[in-house]
Amino acid sequence: MEIVQLDIQGMTCAACVNHVEKGIKKGTGIDMASVNLATEKATVSYDPSTTNIDDIIKSVRDAGYGASPIVKGEESEQDKKKAKELSKLKWHTLISAILSAPLLLAMFAGLFNIKALMFLHNPIVQLVLATPVQLWIGKRFYIGAFKTLKALNPGMDVLVAMGTSAAYFFSIYNGFIAPLLGHPSSGLYFEASAIIITLVLFGKYLENVAKGKTSEAIKKLMGLQPKSARVSRKGEEMEIPLSDVVPGDIVLIKPGERIPVDGRITEGASAVDESLLTGESLPIEKKTGDKVLGGTINSYGSFSFTAEKVGKDSVLARIITIVEEAQGSKAPIQKLADKVASIFVPVVLLIALLTFLVWWLIIGDSTHAFIAAVSVLVIACPCSLGLATPTAIMVGTGIGASKGILIKNGEILQNIGYIDTVVLDKTGTITEGKPKVQDVIPVGDTKGDDILETAAALEYYSEHPLGQAIVAHYGRTKKPEGLEDFQSEPGKGIKAKYKGQNYFIGTEAYLRENNITTDDIISLKQEKEANGSTAILLANPKGVIALITIGDSIKSTSTKAIKQLQNLGIKAIMLTGDNELTAKAIAKKAGIHEYIAQVLPEQKANEVKKLQKQGMKVAMIGDGVNDAPALATADIGIAMGQGTDVAMESADITLMRGDLTEIGTAMALSQKTMKKIRQNLFWAFFYNSVGIPFAALGFLNPIIAGAAMAFSSVSVVTNSLSLKRFKPNLEDKENNKEDKTMSNTLKVEGMSCNHCKMSVEKAVNALDNISEAVVNLEKGELLYNFIDGQEDEESVKKAVTEAGYTPV
């Protein structure tokens, strides 16, 4: 299956959306078609072996609408076209208002008997003013009505064209034909036709302006990409268009410049502002070997990097694609509006006809019959129904993207709000995912240096994070000499001969399998594991010669995130392959009350299924690679991605910064968005269910009906735009009061620039007991907050010292 996006022209209401979707789905080889009124786009999944884009476009045209493929990279042309159409709509609205104003004035002159303005009641004057509005400016409604009626898919244009035409031509009859035939005249209604068209156009103009604001997130993302890049080719520096950059190019970056493509730094260092891409407020320090992303801004240093991913393969391009697809998608709640829209216009036409017949044949009042029928036609336009859901989805997903939360579609945005259980992987999710050697404890007469040398040699070929931590701690970069008979058993350990001596390294169970006793080290091992460390045993055939403890620090935001989830009434469960003691210690530090230990990666999906069978709505949070089966099994899969391709592909939601606090933000955003959608749908249904009976009973003038119809659409979009003020309130008030009292200020000497500020903040924020650390450069002070009263000033001073500065 292939996916194509089409730009749809001529849609005005929810009924139009339904007709376009039906038209596309009638074709062969169509897997899925989703049409969005707010973006005026259709997303179609189709089988290229049985149909093609031209056939799909033809099916849209057969339904009475226009369509053209959206070509990536030509968004600016499409924006220009829409801007031109909006400008035309603005001028038509203005001209229509100018011509309609005297007609409105004539109506007031008649009501209040203003003799000086009675000349405005002359049928010729009114005809001259109303005709350009009805037949020139209003021809868009006739064209739209003709196309949709031809396709047997009547929409809003039919209602407006019929309502205004009835008023216009009835006025011509009363003003010019009735006197010639000797029939009594029941008045002129030119003002009704002209003012209704003016109000509808004005409402459309305001609606389009507001809809433009709902897509600001996409426009900001698209504006992040520079148009050119400075590269070094064959020793020569040159400025080239961004489209000419290829993988392998050496790209040169100066202070303050925007990075054009993705790559890795080969020379130099700096700090990079990734806030518009990931939501991370502070610049991130970068050095040789670190990854940089296109669209981010370099701060103070100069560096060069090798281009790796360019064009549509860059992280920025993939983010734009995900956000575009999300904004064009539908939420399940929209199905009700779609069902109503599919039968709405025919039902309204029937109600208008019945209204006219009842007033004319039963009550005997042809004038009121006409006015009531026109009012029904005008007030019933289902524009607000079609805008209720997509505008809120657009704003909601845009807000998520601005905060580094990529939500794949409207269904996920809706469903994340129903989650009651969050399952968290430990490594890389709750913890930093960068294990470090903490202690090397010799057993017997073995020297510490010999232990590390031997352990690093045995682990040199290991791909396990713990083994890599030992190699990194020793600093081994070359293949060890004297290593022979290497044998590895994944998840257990390694045995090999090093410098003529046999060694074993791994778990206690692995050593026992190889007939090595561990009794002498058990109590010490359990003590270390109870503090959250993982214990690795090094042994020779005679017995254990060393205990190496490795720890992975908890992320500074993990404890706060767990609290936020608990404040929302959501159960948090940690899932880990660690042993019971280590899992218990990490869970306690993170504030998690429930954990499942010693679970292999392939068993995690089964654990998620068990929770689902208990009736829980489960979100699984992992790294998007090792946890892929569990992510796919869960109701919502959330990847701690830091912008990785695999994470964005495998998960329903990607947290670009890898910050767990964003989970609570995503849930709060879902709930707020759904609240706005429900408000929009309520008022859209309420407006029509009340407005149509009022119009049918003769309580509404057609002009008031037109104003109400225009207002309903604008109010729905405006309500959706109010989401932009969204601020998640996830803190427990009582705990928050306590946290505010657990703050301290520390004088720090040696800080002189933004780099110093970031270094100190990063070092202190990395501590498990710190919730927030902020440097005031002018005062030379560090303000920091402790978590849950875990006050330990010495640990803060130590972190500042290790960062290269002097605490006072």
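Just so you know, these numbers come straight off a predicted model, no measurement behind them.
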Output, in order, the C-alpha distance, side-chain angles, deciding distance and verdict of side-chain contact (heavy atoms from CB on, under 4.5 Å) for Asp31 and Asp47.
CA-CA 7 Å; Asp31 175 52; Asp47 183 354; over 6 Å; no

side-chain contact (heavy atoms from CB on, under 4.5 Å) between Thr39 and Met394, worked out
CA-CA 9 Å; Thr39 60; Met394 286 180 72; 3.3 Å; yes

Yes or no on side-chain contact (heavy atoms from CB on, under 4.5 Å) for Tyr46 and Val4, after CA distance, side-chain angles and deciding distance?
CA-CA 8 Å; Tyr46 68 99; Val4 65; 3.8 Å; yes

Which is it for Lys41 and Leu6 under the side-chain contact (heavy atoms from CB on, under 4.5 Å) test, yes or no, and what are the steps along the way?
CA-CA 6 Å; Lys41 291 178 183 177; Leu6 302 175; over 6 Å; no

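In this structure, the side chain of Asp652 engages the main chain of Gly637 through a donor-acceptor pair within 3.5 Å.
Each of Val376, Val200, Val348 was scored for a side-chain contact (heavy atoms from CB on, under 4.5 Å) with Leu159, with one residue passing: Val348. Considering Phe699, Trp359, Trp360 as possible partners of His368, the one that fulfils the ring pair (Phe, Tyr, Trp, His ring centres under 6.0 Å) test is Trp359.
No hydrogens or angles considered: nothing links the side chains of Tyr65 and Gln9 as a donor-acceptor pair under 3.5 Å. Side-chain contact, Ser670 with Tyr418: no donor N or O sits under 3.5 Å from an acceptor N or O. Looking at Thr389 and Asn680, their side chains never bring a donor and an acceptor atom within 3.5 Å of each other. Side-chain contact of Thr164 with Gln134: a donor-acceptor pair under 3.5 Å is present, judged by distance alone. Side-chain contact check for Lys676 and Ser722: at least one donor-acceptor pair (N or O, by modelled atom type) lies under 3.5 Å. Donor-acceptor pairing under 3.5 Å is lacking for the side chains of Thr43 and Ser34.
Atom OH of Tyr142 has more than 12 neighbouring heavy atoms from other residues, nucleotides or ligands inside a 6.0 Å radius. Residue-environment remark: CZ (Phe685) exceeds the threshold of 12 foreign heavy atoms within 6.0 Å. Heavy-atom contacts from other residues, nucleotides or ligands closer than 6.0 Å to CZ of Phe202 number 12 or fewer. Atom CG of Leu180 has more than 12 neighbouring heavy atoms from other residues, nucleotides or ligands inside a 6.0 Å radius.
Taking the six-membered ring where the residue is Trp, Tyr189 and Phe170 present parallel rings, their angle staying beneath 30° rather than reaching 60°.
Side-chain atoms of Ile371 and Pro702, non-hydrogen and from C-beta on, do get closer than 4.5 Å to each other. Using a 4.5 Å heavy-atom threshold, the side chains of Leu199 and Ile196 count as separate. In this structure, the side chains of Ile416 and Ile419 come closer than 4.5 Å at one or more pairs of heavy atoms. The shortest side-chain heavy-atom distance between Ile412 and Ile636 falls under the 4.5 Å cut-off. Leu127 has its side chain within reach of Phe176: a pair of non-hydrogen atoms, C-beta onward, lies under 4.5 Å apart. Using a 4.5 Å cut-off on side-chain heavy atoms (C-beta onward), Leu188 and His121 make no contact. With a 4.5 Å cut-off on side-chain heavy atoms, Arg140 and Leu201 count as touching.
From Ile333, atom CD1 reaches atom CG of Leu681 across 5.5 Å, with rounding to the nearest 0.5 Å. Here the CD1-CD1 distance, from Ile8 to Ile24, works out to 5.5 Å after rounding to the nearest 0.5 Å. One distance of note links CD1 of Ile53 with CD of Glu2; it measures 7.5 Å at 0.5 Å rounding. Distance check: Ile137 CD1 to Ser100 OG gives 7.5 Å after rounding to the nearest 0.5 Å. For the atom pair CG of Leu99 and CD1 of Ile197, the computed distance is 11.0 Å after rounding to the nearest 0.5 Å. For the atom pair CZ (Phe370) and OG (Ser375), the distance works out to 9.0 Å, reported to the nearest 0.5 Å.
Aromatic pair Phe190/Tyr168: ring centres closer than 6.0 Å.
Ion pair Lys58/Asp54 not flagged as a salt bridge, since none of the NZ, NE, NH1 or NH2 atoms sits closer than 4.0 Å to an Asp/Glu carboxylate oxygen.
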